[in-house]
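Basis for what follows: all heavy atoms, side chains included, without hydrogens, waters or symmetry-related copies. Just so you know, these numbers come straight off a predicted model, no measurement behind them.
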Amino acid sequence: MKLPESFYLNNNVTEVARKLLGKYLFTCIEGAITGGYIVETEAYNGIIDKASHAYGNRQTARTQTMFAKGGVAYVYLCYGIHEMLNVVTSVEGQPHAVLIRAVNPTVGIEEMLYRRNMTVVKPNITAGPGSVGKALGISRKLNCISFQSNELWIEDQGLSFTDDEIAAVPRIGVAYAAEDALLPYRFYVKGNVYVSKPNR
DNA sequence: CTAGCGATCATCT
DNA sequence: GATGATCGCTAGG
């Protein structure tokens, strides 16, 4: 059921970002399983991508995880508040990663509501990377953990989308990345209500 | 409905 | 000492 390690070794990040749409992402935190299928992703294309933390081959304590072999999680804190989940891809030394921006929840709804401090399911429960992190109980303790583990994994349950059902547009919140901010590295499922804000 | 802004801290300079 | 791969609340139309 879990995606094989080979899936993550692909050195074409945008292809992986595209293929992750429709895959099921799960976490098992303190016995509670939560998750759903991915509906929005963003690709970060290694050392030549100005929007990436690893731009210019920048290796620091934080970015080390991105340089690992594909198939592990890169989790970091953004704006002092939000835990963001990325899927590290490609071979060791190649800092490619895919940011999980939105999930269509299917399992553990009650637990996600509790974590999000909500009482009824609304589209924003898992729309946006910070929301996904919170709903799935992602924390920096999961940084560097393998997607073959029993705390965090991705499954193929046969769901897939055609090119017509998927949009490829510029990424969010990366205006500082100059010309690279315009690259169509953000992928999402058209019309899905769990896709983050302006679009769909 | 949209626009503006505060929260809050690890990381890098 | 400055700054985010953001969110959600508030105010105003």
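When each of Asn12(A), Thr41(A), Asp163(A) is checked for a side-chain hydrogen bond (donor to acceptor under 3.5 Å, both in side chains) with Arg18(A), only Asp163(A) meets the rule.
Side-chain contact between Val195(A) and Lys190(A) is absent, with no heavy atoms from C-beta onward closer than 4.5 Å.
Regarding Arg62(A), its CZ atom lies at a distance of 11 Å from the P atom of dG4(C), rounded to whole Å. Distance, Arg171(A) CZ to dG4(C) P: 15 Å, rounded to whole Å. Note: CZ (Arg115(A)) to P (dG8(C)) measures 16 Å, nearest angstrom. Residue Asn117(A) contributes atom CG, which lies 14 Å from atom C1' of dC7(C) at whole-angstrom precision. Atom CG in Asn143(A) sits about 12 Å away from atom C1' in dA10(B), given to the nearest Å. The distance from atom NE2 of His82(A) to atom P of dG6(B) is 15 Å, rounded to the nearest whole Å. Put simply, OH on Tyr74(A) is 9 Å from C1' on dA5(C), counting in whole angstrom units. We find that CE of Met118(A) is positioned 10 Å from P of dC9(C), with the value rounded to whole Å.
Taking CD of Glu151(A) as the reference point, atom CD1 of Ile138(A) lies at 10.5 Å (rounded to 0.5 Å).
At dC7(C), none of the side-chain N or O atoms of Arg116(A) fall inside 4.0 Å of OP1 or OP2 (strictly under the cut-off). Between dT6(C) and Arg101(A), a contact under 4.0 Å exists linking OP1 or OP2 to a side-chain N or O. The phosphate of dA5(C) has OP1 or OP2 within less than 4.0 Å of a side-chain N or O from His53(A). For the OP1/OP2 pair of dA5(C) and a distance below 4.0 Å, the side-chain nitrogens and oxygens of Tyr176(A) include at least one atom meeting the criterion.
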Practice problem: Decide salt bridge (charged side-chain N to carboxylate O under 4.0 Å, His left out) for Glu42(A) and Arg101(A); before the verdict, give the C-alpha distance in whole Å, the side-chain angles of both, and the deciding distance to 0.1 Å. | Solution: CA-CA 7 Å; Glu42(A) 274 182 12; Arg101(A) 291 191 55 88; 3.4 Å; yes
Quiz item: Should Thr126(A) and Arg116(A) be marked as a side chain to side chain donor-acceptor pair (under 3.5 Å) after you check the CA-CA gap, both sets of side-chain angles, and the distance that decides it?
Solution: CA-CA 9 Å; Thr126(A) 49; Arg116(A) 295 278 289 128; over 6 Å; no
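The side-chain tip of Arg171(A) points at the ring of Tyr44(A) from less than 6.0 angstrom away and within 45° of straight on.
Closest to the Arg140(A) side chain, of the nucleotides dA10(B), dC12(B), dT6(C), is dA10(B). Distance from the side chain of Val174(A) is smallest for dA5(C) among the nucleotides dT6(C), dG8(C), dA5(C). Each of dT6(C), dT13(B), dA5(C) was ranked by its minimum atom distance to the side chain of Tyr44(A); first place goes to dA5(C). The Asn86(A) side chain lies nearest to dA5(C) when the options are dT8(B), dA5(C), dG4(C). With dT8(B), dT6(C), dC12(B) as the candidates, the nucleotide lying closest to the side chain of Tyr79(A) is dT6(C). Nearest to the side-chain atoms of Ile81(A) among the listed nucleotides dA5(C), dT13(B), dT8(B) stands dT8(B).
Ring centroids of His53(A) and Tyr76(A) are separated by less than 6.0 Å, placing the two rings close together. Aromatic ring centroids of Phe147(A) and Tyr8(A) lie under 6.0 Å apart.
If you check every strand for non-hydrogen atoms under 4.0 Å, Met66(A) touches a base. Across all strands, Ala127(A) comes closer than 4.0 Å only to sugar-phosphate atoms, never to a base (heavy-atom distances).
Residues from residues 10-27 of chain A lying near DNA chain B, meaning a heavy-atom separation below 4.0 Å, are absent.
In this structure, dC5(B) and dG8(C) make a Watson-Crick or G-U wobble pair, each of the two defining distances being under 3.5 angstrom.
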